[in-house]
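If you're wondering where the values come from, they're calculated on a predicted model, not measured in any experiment. We number each residue from 1, following the sequence as shown. Values below: all heavy atoms of this structure, side chains included; hydrogens, waters and symmetry mates excluded.
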Amino acid sequence: MKIINFGSINIDHVYGVEHFVRPGETLESESYSLFSGGKGANQSIALARAGAAVLHAGNIGRDGGWLKTKLKEKGEDVGRVETVAEPTGHAVIQVNREGENAIIIHGGANRCVSEANIDKVLEKAEKGDLLLLQNEVNLVEKMLEKAEALTVVFNPAPMTDAVKDYPLEKVDIFIVNETEGEVLSGEKEPEAILSAMQRRYPKSRTVLTLGKVGVIYAEGEQRIKVPALQVEAVDTTGAGDTFVGYFLAELSRGSDIEQCLEMGVKASALCVTRQGAADSIPSLDEVLNAAS
Ligand code: RIB
């Protein structure tokens with residue numbers, strides 16, 4: 001089984017700041033780095049580092065060839081990464097001294113997906129494959145409509161008003177943080193979010209990620225909680241993407257849910273101890289050797 005990930009590919013401009021810039025303020029950054037990123041690409045890299053077979057689909061501009069090379073690093077199939085006239089998408093990321101981030105994205109090439117693109121990607125799908133989607137490319141609603149026999153995993157990040165109108169009944173597994181869960185469920189507390197999600201989407205399962213607290217998995221009445229590992233955060237960018245990749249890679253190996261959640265939690269804990277998004281995703285060996 002392979003995982004088809006139709007998602008964003010970004011150039012990340014990362015600025016270390018003493019605090020996030022305030023309205024009307026001009027702030028000198030303490031550091032600057034250029035990384036590869038994009039929620040989609042980060043998740044594909046995490047999947048591949050975790051040992052899953054992954055086909056990444058998405059768009060870059062003519063300035064993005066190096067990102068495609070980076071995506072190929074661990075054997076990802078990039079045969080469905082297209083080069084379009086728009087420049088590659090990018091992100092402007094502030095990282096403060098606590099390792100928290102504030103991100104602006106510009107979609108660029110990521111917003112140039114066509115229905116023809118989607119059909120071409122789905123031609124590669126075989127029975128039992130899993131389709132992974134985030135919300136940084138256009139036409140996600142069409143991808144959900146067309147996914148049919150595939151297991152669909154949706155990480156609605158970044159959350160937008162349009163998401164509620166997507167055909168979300170097609171989703172088999174939601175992976176949401178508290179903010180995304182709150183918008184989809186109308187609830188604020190973790191258990192209330194999960195119960196509302198189960199009522200609204202009774203055929204789906206939900207993984208709720210809670211940052212420093214850990215994760216909770218919900219399927220019907222069942223709940224599985226896995227606490228986060230306590231680490232010194234340097235940069236939290238890409239932690240959620242790392243969780244998604246490691247969780248799904250383990251799921252694709254047929255492991256039980258608790259094991260999948262534990263792998264995701266360990267991998268994302270290692271990710272936050274390093275700078276950058278894609279570059280901070282740990283290898284499978286590092287995750288296997290990490291203390292619980
Ligand atoms: O989730 C982190 C990612 O969000 C960054 O790499 C940035 O590109 C944005 O898409």
Side-chain angles (χ1 to χ4, degrees), residues 7-8 10 12 14 17 19-23 37-40 42-43 46 89 91-96 98-107 110 132-138 140-141 144 152-168 171-201 204-218 223-228 233 235-248 261 264-265 267-269 271-272 277 280:
S8 59
N10 283 342
D12 286 356
V14 181
V17 290
H19 62 264
F20 297 146
V21 69
R22 300 184 184 114
K39 294 186 196 306
N42 297 341
Q43 293 181 17
V92 172
I93 305 180
Q94 299 176 60
V95 178
N96 69 13
E98 287 70 49
E100 299 165 323
N101 62 45
I103 305 180
I104 300 174
I105 51 168
H106 176 72
N110 294 316
L132 170 62
L133 302 171
Q134 311 78 28
N135 196 35
E136 276 187 350
V137 299
N138 61 313
V140 170
E141 67 285 13
L144 289 167
V152 179
V153 181
F154 185 36
N155 171 223
M159 180 53 83
T160 56
D161 287 343
V163 171
K164 283 209 218 160
D165 298 322
Y166 291 177
L168 296 176
V171 176
D172 296 285
I173 305 177
F174 289 95
I175 303 181
V176 294
N177 63 19
E178 256 174 313
T179 315
E180 294 146 8
E182 194 179 319
V183 173
L184 288 183
S185 68
E187 298 287 347
K188 283 190 184 320
E189 296 307 317
E191 182 45 43
I193 291 173
L194 290 168
S195 301
M197 289 292 288
Q198 294 309 115
R199 280 195 303 277
R200 275 188 199 184
Y201 311 107
S204 318
R205 303 179 265 163
T206 299
V207 179
L208 177 64
T209 60
L210 298 166
K212 284 179 195 158
V213 174
V215 294
I216 311 178
Y217 169 87
R223 302 286 180 269
I224 300 174
K225 295 185 189 183
V226 172
D235 179 359
T236 52
T237 314
D241 301 330
T242 302
F243 174 85
V244 172
Y246 267 85
F247 169 77
L248 288 181
L261 297 170
V265 159
S268 56
C271 168
V272 304
S280 65

Legend entry - With sequence neighbours excluded, residues passing side-chain contact (heavy atoms from CB on, under 4.5 Å) with A157: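 A157: side-chain contact (heavy atoms from CB on, under 4.5 Å) contacts with K39, N155, E180.
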
Could you tell me the separation between the [atom1] atom of [X] and the [atom2] atom of [Y], rounded to the nearest 0.5 Å?
X: I193; Y: L210; atom1: CD1; atom2: CG; result: 7.5 Å
X: H19; Y: Q94; atom1: NE2; atom2: CD; result: 8.5 Å
X: R200; Y: T206; atom1: CZ; atom2: OG1; result: 11.5 Å
X: Y201; Y: F154; atom1: OH; atom2: CZ; result: 10.0 Å
X: T179; Y: K188; atom1: OG1; atom2: NZ; result: 10.0 Å
X: E141; Y: D165; atom1: CD; atom2: CG; result: 9.5 Å

For residues [X] and [Y], report the shortest heavy-atom separation together with the two atoms involved.
X: V265; Y: P227; answer: CG1-O, 3.4 Å
X: I175; Y: V244; answer: CG2-CG2, 4.0 Å
X: V171; Y: S204; answer: O-OG, 2.8 Å
X: N135; Y: P156; answer: CB-C, 4.1 Å
X: V272; Y: A239; answer: CG1-CB, 3.5 Å
X: S8; Y: V137; answer: N-CG1, 3.6 Å

Legend entry - Worked check of side chain to side chain contact (heavy atoms under 4.5 Å, CB included) between N177 and M159: CA-CA 10 Å; N177 63 19; M159 180 53 83; over 6 Å; no

Please tell me if the side chains of [X] and [Y] come closer than 4.5 Å, counting only heavy atoms from C-beta onward.
X: L261; Y: F243; answer: yes
X: S195; Y: R223; answer: yes
X: V183; Y: V163; answer: no
X: D235; Y: I93; answer: no
X: V14; Y: T237; answer: no
X: D241; Y: Q43; answer: yes

Inset, instruction - Take N10 and E136 through the test side chain to side chain contact (heavy atoms under 4.5 Å, CB included) and record every step on the way to the result. - result: CA-CA 10 Å; N10 283 342; E136 276 187 350; 3.7 Å; yes

Inset, instruction - Walk me through it: do L184 and M197 pass the test side chain to side chain contact (heavy atoms under 4.5 Å, CB included)? - result: CA-CA 7 Å; L184 288 183; M197 289 292 288; 3.7 Å; yes

Does [X] reach the main-chain N or O of [Y] with its side chain, forming a donor-acceptor pair under 3.5 Å?
X: S185; Y: A196; value: no
X: D172; Y: V153; value: no
X: S268; Y: G240; value: no

Legend entry - Test side chain to side chain contact (heavy atoms under 4.5 Å, CB included) applied to L208 and F174, step by step: CA-CA 8 Å; L208 177 64; F174 289 95; over 6 Å; no

Legend entry - Heavy atoms of other groups near E189 CD, more than 12 under 6.0 Å: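 No, the 6.0 Å shell around CD holds no more than 12 heavy atoms from other groups.
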
